[in-house]
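Reviewing the structure listed below.
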Amino acid sequence: TEKIFLHAALKEFPDSILFQGRTPCDVPGVVPEGKTCYKLKWYIVLYTNPGNHYTYKLFGTPYRIEGGRTGTWLPVKGKGDRVLYQLNDESGNGFLWLVKVDEEILLFTDKGGNLLTGNEDFSYTLNRIVK
């Protein structure tokens with residue numbers, strides 16, 4: 001992943017932006033050890049509020065029973081010119097990292113910003129949904 005260069009600029013978006021996708025189950029820190037699953041469905045809404053206050057609403061397979069998950073997110077600088085979106089848990093600690101490819105695509109990474117490798121059925125890609 002060091003040889004893949006992503007140069008997406010951090011650009012404010014009005015109000016909110018929605019991404020969805022299906023990934024393998026190996027997203028670090030999401031599926032508890034020993035649980036089996038075939039895929040994870042994701043629906044992530046990123047909000048920007050006045051004063052650069054960033055919040056998210058996360059729906060999908062891991063949070064279906066809980067009725068979704070909310071919290072804060074931060075745009076952080078990754079390797080090179082990469083822009084990472086760090087989703088924080090209730091304590092303010094990062095638990096999910098996404099790299100911005102462009103305005104339409106986010107890719108899952110590990111905490112260090114390394115891209116996750118998909119399998120024959122699913123990638124670690126989220127696509128923007130425009131409504």
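Numbering of residues begins at 1 and proceeds along the displayed sequence.
- Annotation: side-chain hydrogen bond (donor to acceptor under 3.5 Å, both in side chains) contacts of Thr72 (sequence neighbours excluded): Asn88.
- Pairs passing the salt bridge (charged side-chain N to carboxylate O under 4.0 Å, His left out) check and including a residue from residues 114-130, sequence neighbours excluded, read Glu104-Arg128.
- When all heavy atoms are compared, the tightest approach of Leu40 to Pro24 is CD1-O, 3.8 Å.
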Checking side chain to side chain contact (heavy atoms under 4.5 Å, CB included) for the pair Leu46/Phe19: CA distance, chi angles, key distance, verdict? CA-CA 8 Å; Leu46 300 175; Phe19 291 89; 4.3 Å; yes
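- Tracing side-chain contacts under 4.5 Å through hydrophobic residues (I, L, V, M, F, W, Y), one never reaches Trp97 starting from Leu74; they form parts of separate clusters.
- Going from atom OG1 of Thr117 over to atom OH of Tyr124 covers 8.0 Å, rounded to the nearest 0.5 Å.
- Residues passing the salt bridge (Lys or Arg N to Asp or Glu O under 4.0 Å) test with Lys77, sequence neighbours excluded: Asp81.
- Judged as a side chain to side chain contact (heavy atoms under 4.5 Å, CB included), and not counting sequence neighbours, the contacts of Leu84 are Val76, Val99, Thr109.
- When side chains are defined from C-beta on, Leu116 counts as touching Pro28, because their heavy atoms get closer than 4.5 Å.
- For the side-chain hydrogen bond (donor to acceptor under 3.5 Å, both in side chains) test, residues two or more places apart in sequence or in another chain that qualify with Asp110 are Asn114.
- Scored by the side chain to side chain contact (heavy atoms under 4.5 Å, CB included) test, Thr55 finds Tyr47, Asn49, His53 as partners (sequence neighbours excluded).
- Atom-to-atom distance recorded for Thr125:OG1 and Phe108:CZ is 9.0 Å, nearest 0.5 angstrom.
- Aromatic rings from Trp73 and Tyr54 are positioned such that their centres are separated by under 6.0 Å.
- Shortest non-hydrogen contact noted between Gly113 and Arg82 is O-NH1, 2.9 Å.
- Residues Leu126 and Ile44 have side chains in contact (heavy-atom distance under 4.5 Å, counting atoms from C-beta outward).
- Clustering of Ile, Leu, Val, Met, Phe, Trp and Tyr side chains at separations under 4.5 Å places Tyr43 together with Phe59.
- Thr61 places a side-chain N or O within donor-acceptor distance of the main-chain N or O of Lys41, the cut-off being under 3.5 Å.
- Scanning for side chain to side chain contact (heavy atoms under 4.5 Å, CB included) contacts around Asp89 gives Arg69, Ser91, Asn93, Phe95, with sequence neighbours left out.
- Taking both residues in full, the closest heavy atoms of Lys100 and Leu106 are given as CA-CD2, 3.6 Å, listed atom of the first, atom of the second, then distance.
- With sequence neighbours excluded, the residues forming a side-chain hydrogen bond (donor to acceptor under 3.5 Å, both in side chains) with Thr23 are Trp42, listed by chain and number.
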Asn127 vs Ile105, side chain to side chain contact (heavy atoms under 4.5 Å, CB included): CA-CA, chis, key distance, verdict: CA-CA 5 Å; Asn127 296 294; Ile105 299 172; 3.8 Å; yes
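- In the hydrophobic clustering of ILVMFWY residues, with side-chain heavy atoms under 4.5 Å counting as a link, Leu98 and Val83 come out together.
- Summarising the hydrophobic clusters (Ile, Leu, Val, Met, Phe, Trp, Tyr; side-chain heavy atoms under 4.5 Å, direct or chained), the residues clustered with Phe122 are Tyr38.
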